[in-house]
Novice: 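Quick one: structure below, then a few questions.
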2 protein chains.
Amino acid sequence: MSTDMSQPGSDQGSSKGFEQHDHAHCVSDGVAALVDYCAAERLKLTPVRQRVAEILLAEHRAMGAYEILDILREEGLGSQPPVAYRALDFLVKNGFAHKVERLNAFVACSHPGATHTPAFLICRSCNKVAEADTSPTKGDLGRAAAAAGFQIEQTVVELEGLCPTCVDAGPASGQA
Amino acid sequence: MSTDMSQPGSDQGSSKGFEQHDHAHCVSDGVAALVDYCAAERLKLTPVRQRVAEILLAEHRAMGAYEILDILREEGLGSQPPVAYRALDFLVKNGFAHKVERLNAFVACSHPGATHTPAFLICRSCNKVAEADTSPTKGDLGRAAAAAGFQIEQTVVELEGLCPTCVDAGPASGQA
DNA sequence: GTCTCGCTGTTATTGTATAACATCACTTTG
DNA sequence: CAAAGTGATGTTATACAATAACAGCGAGAC
Ligand SMILES: [Zn+2]
Ligand SMILES: [Zn+2]
Ligand SMILES: [Zn+2]
Ligand SMILES: [Zn+2]
């Protein structure tokens, strides 16, 4: 690996997911947040919903609904597409997962609970997806849109390329 | 290029498509540019390819591949999905159309020929799509990505909301 | 108890996209 | 001209993504 771990924890937040981190926390913290949220909001955290959250949290990459469904099926939690889509809809609606339009796939949210406008950095080599925060109304584009009278309601910002690790590995090699 | 806006007061070129304009030019200029480009690049501008370009240019909205295919079928230009997808791939690859990931649909490019990084403003009410230009490497997000060592290769920026016309029409009414 | 509401299970269908292969047309070259 | 090569086309079939529709079950309300 020898990832140089530049800026240890310093400026992080914008590219969390590409950096080395204690990944066990990603899952446990995420699930804990989901449990708390559902308790507070009187929402039913069913086995399927929790399991899908765990599945997504376990990987910093976007997973297709059918890929998730395959896992659910193996575990006897469901076998038909609506099972997966309903759980994903629940998670997305409540801010614990996002859909990556570019990939027609879903990824766990990095800052669960709070409503926000995510942006994604997608590595085409190792398929990891990092979530960053955007301020769509700021920036040239947001200003131009506002000036033109366009009223932004939702944004899709997805950047595809090579993550630091895959860049270091060299353009030709890539990594699985 | 530098198409005269028949409507004054909008100095923005970033939201072209929402503004009033001589729409006949959108089609004729676009096709002309495509003809020139293909001649210069020694590419075959086949009937299907040109017709698909015309279809897209005729509307400032994203069209699904199967919607385009329906038109081609009526005109005897093709009846199977690959016909439409191949033409669309050709146009996208050469910069005369873009895919709007959010809609799984395609839209004609506003500045054909030149390689650029488009952003889209999508009106959820009237379904018009305007193309704006972005500088992904600038802005907070681009800077954050660069700082994190992420190498951007392609960007998807799609803003959904209400266009000026539909905002003026009032939130409740909308317009077809 | 029983009523209600939301989650589940399932069937079926629609929509989006591509693989694979044979054929055809044009162009290059001998 | 003929042969070979290249790339577009036509077609079949299939994979992948998403939703509609409806029956049944279960926990909480009253
Ligand atoms: Zn992690
Ligand atoms: Zn990578
Ligand atoms: Zn126009
Ligand atoms: Zn509109």
Side-chain angles (χ1 to χ4, degrees), chain A residues 34-35 37-39 41-53 55-56 61-94 96-107 122 127 129 156 158, chain B residues 34-35 37-39 41-53 55-56 61-94 96-107 127 156 158:
Chain A
L34 180 58
V35 170
Y37 174 88
C38 289
E41 298 288 325
R42 303 279 186 275
L43 295 171
K44 261 189 173 177
L45 182 55
T46 66
V48 176
R49 289 172 177 178
Q50 179 166 339
R51 185 72 189 104
V52 171
I55 291 169
L56 288 177
R61 97 188 148 84
M63 300 180 71
Y66 282 70
E67 188 182 358
I68 292 168
L69 180 59
D70 286 342
I71 297 175
L72 296 178
R73 186 182 294 119
E74 285 172 11
E75 300 177 354
L77 284 172
S79 62
Q80 304 304 323
V83 173
Y85 280 103
R86 286 196 280 234
L88 288 166
D89 285 348
F90 174 85
L91 294 174
V92 168
K93 196 167 53 177
N94 291 284
F96 288 83
H98 301 290
K99 180 174 183 187
V100 182
E101 298 289 346
R102 178 60 197 273
L103 305 174
N104 290 323
F106 299 83
V107 69
I122 307 165
N127 295 311
V129 174
V156 175
E158 299 172 0
Chain B
L34 179 58
V35 170
Y37 174 87
C38 289
E41 299 288 325
R42 302 281 187 272
L43 295 171
K44 261 188 171 176
L45 182 55
T46 66
V48 176
R49 289 171 176 178
Q50 178 165 341
R51 186 72 189 104
V52 171
I55 291 169
L56 288 178
R61 96 189 148 86
M63 299 180 73
Y66 282 72
E67 187 182 357
I68 292 167
L69 180 59
D70 286 341
I71 297 174
L72 296 178
R73 186 180 295 118
E74 285 172 10
E75 299 176 356
L77 284 171
S79 62
Q80 304 304 323
V83 174
Y85 280 102
R86 286 197 280 234
L88 287 166
D89 286 348
F90 174 85
L91 294 174
V92 169
K93 195 166 53 178
N94 292 286
F96 288 84
H98 301 292
K99 181 174 184 186
V100 181
E101 298 289 346
R102 178 62 196 273
L103 305 175
N104 291 323
F106 300 83
V107 68
N127 295 311
V156 175
E158 300 172 359

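We name chains A, B, ... by the order of the sequence lines, and we start the count at 1 in each one.
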Novice: What is the separation between atom CD on Glu75(B) and atom P on dT9(D), rounded to the nearest whole Å?
Specialist: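 Rounding to the nearest Å, CD of Glu75(B) and P of dT9(D) are 15 Å apart.
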Novice: Taking CD from Gln80(B) and P from dC21(C), how many angstroms apart are they, rounded to a whole number?
Specialist: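 Rounded to the whole Å, the gap is 18 Å.
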Novice: Which heavy atom of Phe96(B) sits nearest to which heavy atom of Asn94(B), and what is that distance?
Specialist: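 What the structure gives for the nearest pair is CD1-O, 3.1 Å.
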Novice: Show the atom names and distances, to 0.1 Å, of all donor-acceptor pairs under 3.5 Å that link a side chain in residues 61-69 of chain B to residues at least two apart or in another chain.
Specialist:
from: Arg61(B); atom 1: NE; to: Glu59(B); atom 2: OE1; distance (Å): 2.5
from: Arg61(B); atom 1: NH1; to: Glu67(B); atom 2: OE2; distance (Å): 3.2
from: Arg61(B); atom 1: NH2; to: Glu59(B); atom 2: OE1; distance (Å): 3.2
from: Arg61(B); atom 1: NH2; to: Glu67(B); atom 2: OE2; distance (Å): 2.8
from: Glu67(B); atom 1: OE1; to: Gly64(B); atom 2: N; distance (Å): 3.4

Novice: For Leu45(A) and dC7(C), what is the distance between atoms CG and P respectively, to the nearest whole Å?
Specialist: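 Rounded to whole Å, this separation is 11 Å.
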Novice: Atom CG of Asn94(B) and atom P of dG7(D): how far apart are they, to the nearest Å?
Specialist: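 Taking CG of Asn94(B) and P of dG7(D), I get 14 Å after rounding.
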Novice: Whole angstroms only, please: what is the CG-P distance between Leu88(A) and dC7(C)?
Specialist: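 It works out to 15 Å between those atoms.
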Novice: Please report, rounded to the nearest Å, how far the C1' atom of dC7(C) is from the CG atom of Leu77(A).
Specialist: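 It is 14 Å, rounded to the nearest whole Å.
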Novice: Please report, rounded to the nearest Å, how far the P atom of dT9(D) is from the CG atom of Leu72(B).
Specialist: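 Answer to the nearest Å: 11 Å.
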Novice: Rounded to the nearest 0.5 Å, what separation is found between the CZ atom of Phe106(A) and the CG atom of Leu91(A)?
Specialist: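 Spacing of CZ (Phe106(A)) from CG (Leu91(A)) equals 10.0 Å.
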Novice: Under 4.5 Å between any side-chain heavy atoms of Val107(B) and Lys99(B), yes or no?
Specialist: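 No - every pair of side-chain heavy atoms lies 4.5 Å or more apart.
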Novice: From CG of Leu69(B) over to P of dG15(C), roughly how many Å is that when rounded to an integer?
Specialist: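 Rounded to whole Å, this separation is 13 Å.
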Novice: With a 4.0 Å cutoff (strictly under), does any side-chain N or O of Ser79(A) reach OP1 or OP2 of dG9(C)?
Specialist: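 No.
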Novice: Can you build the contact string for nucleotides 15-30 of chain D? Use B for base contact, S for sugar-phosphate-only contact, and - for no protein heavy atom under 4.0 Å.
Specialist: --BBBB----------
Novice: What donor-acceptor contacts under 3.5 angstrom involve side-chain atoms of residues 73-84 of chain A, with partners at least two apart or in another chain?
Specialist:
from: Arg73(A); atom 1: NH1; to: Asp70(A); atom 2: OD1; distance (Å): 2.9
from: Arg73(A); atom 1: NH2; to: Ser79(A); atom 2: O; distance (Å): 2.8
from: Glu75(A); atom 1: OE1; to: Arg51(A); atom 2: NE; distance (Å): 2.7
from: Glu75(A); atom 1: OE2; to: Arg51(A); atom 2: NE; distance (Å): 3.2
from: Glu75(A); atom 1: OE2; to: Arg51(A); atom 2: NH2; distance (Å): 3.0

Novice: I'd like to know if the side chain of Glu158(A) reaches the main chain of Ile122(A), judged simply by a donor and an acceptor atom lying under 3.5 Å from each other, with no hydrogens or angles considered.
Specialist: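 Flag not set: sc Glu158(A) to bb Ile122(A) has no pair under 3.5 Å.
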